[in-house]
Amino acid sequence: MLRVGVMVSGGGTNLQAILDAVDSGKITNAEIVTVISNNPNAYALERAKKHGIPAICISPKQFETREAFNEALLEQVDACNLDLIVLAGFLVKIPEKMVEKYQHRIINIHPSLIPSFCGVGYYGLKVHEAALARGVKVTGATVHFVDGGMDTGPIILQKAVEVEDGDTPEILQRRVMEQAEWVILPKAIDLIANGKVK
């Protein structure tokens with residue numbers, strides 16, 4: 001069984017999609033062993049508790065320096081003995097040491113078709129605002145491995161979603177979640193758990 005840790009900053013809708021996929025058998029050979037958040041008020045922590053999964057909060061605000069936070073985060077991750085780390089809306093830059101130590105074992109979901117609307121400053125609603133401002137007809141989501149850059153690691157899966165007339169950033173965000181993110185993130189975990197991604 002692949003030991004998976006999910007890191008999340010907000011509501012945890014992607015986490016819920018993963019939990020549902022494990023429960024329904026869409027994800028096999030994997031178990032979610034911990035959920036880690038940087039936000040004590042993240043609803044994702046509640047979702048984890050309801051599922052009987054240890055939920056941990058490590059906030060940068062608890063530490064004097066970013067260095068100290070990075071150390072504590074890495075210690076916590078190491079203690080969980082994880083095979084795969086899933087960033088499901090985790091809005092903290094992953095420490096370099098952690099990226100190196102867990103090379104090809106950290107994946108991220110991004111709400112656009114990389115290389116469009118990604119990199120520094122593109123997260124959450126900002127991605128969808130940019131897509132609408134640019135006038136694209138198709139957007140989507142990408143699951144990729146995490147490397148030293150921002151949204152630059154090797155792509156595992158992508159799924160396109162059509163932009164519709166009258167879309168607001170909020171409506172588009174919801175459609176991308178439902179039609180792309182909640183589909184490809186569980187699928188990527190299943191592929192990795194079953195040795196189909198190298």
Side-chain angles (χ1 to χ4, degrees), residues 1-23 27 30-111 118-127 141-153 156 173 177 181-182 185-186 188-189 192-193:
M1 288 286 258
L2 196 76
R3 291 174 60 84
V4 180
V6 181
M7 298 173 73
V8 58
S9 295
T13 53
N14 274 309
L15 168 65
Q16 192 63 54
I18 293 166
L19 295 173
D20 292 347
V22 170
D23 290 347
I27 294 176
E31 56 179 337
I32 312 306
V33 295
T34 189
V35 171
I36 299 172
S37 182
N38 62 307
N39 172 9
N41 303 314
Y43 186 64
L45 295 170
E46 281 306 303
R47 291 183 197 269
K49 285 174 191 156
K50 281 181 187 161
H51 234 81
I53 296 165
I56 301 153
C57 177
I58 303 176
S59 168
K61 292 175 183 151
Q62 298 167 300
F63 300 90
E64 294 273 312
T65 64
R66 183 55 83 147
E67 278 296 289
F69 165 74
N70 286 348
E71 286 293 316
L73 185 63
L74 185 53
E75 272 173 31
Q76 185 60 63
V77 167
D78 286 347
C80 294
N81 196 16
L82 301 175
D83 300 310
L84 181 67
I85 299 162
V86 178
L87 308 182
F90 190 63
L91 301 179
V92 173
K93 188 166 175 10
I94 298 300
E96 226 168 278
K97 258 191 203 165
M98 191 163 136
V99 173
E100 283 165 17
K101 188 167 188 176
Y102 289 90
Q103 200 174 16
H104 307 309
R105 290 195 290 155
I106 308 175
I107 64 170
N108 180 49
I109 180 90
H110 183 76
C118 65
V120 179
Y122 285 105
Y123 60 88
L125 221 47
K126 293 182 187 329
V127 177
T142 304
V143 179
H144 65 92
F145 283 110
V146 172
D147 64 8
M150 189 71 80
D151 301 326
T152 54
I156 302 167
Q173 180 181 49
M177 281 181 186
E181 294 181 45
W182 301 348
L185 187 55
I189 295 168
I192 291 166

Would you indicate whether the side-chain heavy atoms of [Y] and [X] approach each other to under 4.5 Å?
X	Y	answer
Phe90	Val8	no
Pro111	Gln173	no
Arg47	Ile53	no
Ile192	Ile156	yes
Val33	Asn81	no
Val77	Thr34	no
Met7	Val92	no
Asn70	Lys97	no

Going by the rule side chain to side chain contact (heavy atoms under 4.5 Å, CB included), which residues pair with Arg105 if we only count those two or more places apart in sequence or in a different chain?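 In terms of side chain to side chain contact (heavy atoms under 4.5 Å, CB included), with neighbours along the sequence ignored, Arg105 is linked to Tyr102.
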Under the side chain to side chain contact (heavy atoms under 4.5 Å, CB included) test, residues paired with Glu46 that sit two or more places apart: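 Partners of Glu46 by the side chain to side chain contact (heavy atoms under 4.5 Å, CB included) criterion, ordered by chain and then number, come out as Tyr43, Lys49.
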Enter the distance from [X]:[atom1] to [Y]:[atom2] here, rounded to the nearest 0.5 Å.
X	Y	atom1	atom2	value
Asp83	Met1	CG	CE	11.0 Å
Asp151	Thr142	CG	OG1	8.5 Å
Leu185	Ile18	CG	CD1	4.0 Å
Ser9	Asn38	OG	CG	3.5 Å

Output all residues satisfying salt bridge (Lys or Arg N to Asp or Glu O under 4.0 Å) with [X], sequence neighbours left out; order by chain, then residue number.
X	result
Lys50	none
Asp78	Lys101
Glu31	none

So, for [X] and [Y], which heavy atoms are closest and what is the spacing to 0.1 Å?
X	Y	result
Ala88	Leu15	CB-N, 4.5 Å
Val99	Gly148	CG1-N, 3.9 Å
Gly10	Ala42	O-CB, 3.4 Å
Glu181	Ala141	CG-CB, 3.7 Å

Ignoring hydrogens and angles, write down the donor-acceptor pairs under 3.5 Å from the side chains of residues 55-69, residues two or more places apart or on other chains.
from  : atom 1 : to    : atom 2 : distance (Å)
Ser59 : OG     : Lys61 : N      : 3.1
Gln62 : OE1    : Ser59 : N      : 2.6
Thr65 : OG1    : Ala68 : N      : 3.0

Can you name the one residue among Asn14, Thr13, Asp20 that meets side-chain hydrogen bond (donor to acceptor under 3.5 Å, both in side chains) with Gln16?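 The passing option is Asp20.
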Show your reasoning for whether side chain to side chain contact (heavy atoms under 4.5 Å, CB included) applies to Val143 and Ile189. CA-CA 10 Å; Val143 179; Ile189 295 168; over 6 Å; no
Name of the residue among Leu84, Asp147, Leu87 meeting side chain to side chain contact (heavy atoms under 4.5 Å, CB included) with Ile106: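 Considering Leu84, Asp147, Leu87, a side chain to side chain contact (heavy atoms under 4.5 Å, CB included) with Ile106 is found only for Leu87.
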Please walk me through it: do Met98 and Ile85 pass side chain to side chain contact (heavy atoms under 4.5 Å, CB included)? CA-CA 10 Å; Met98 191 163 136; Ile85 299 162; 4.0 Å; yes
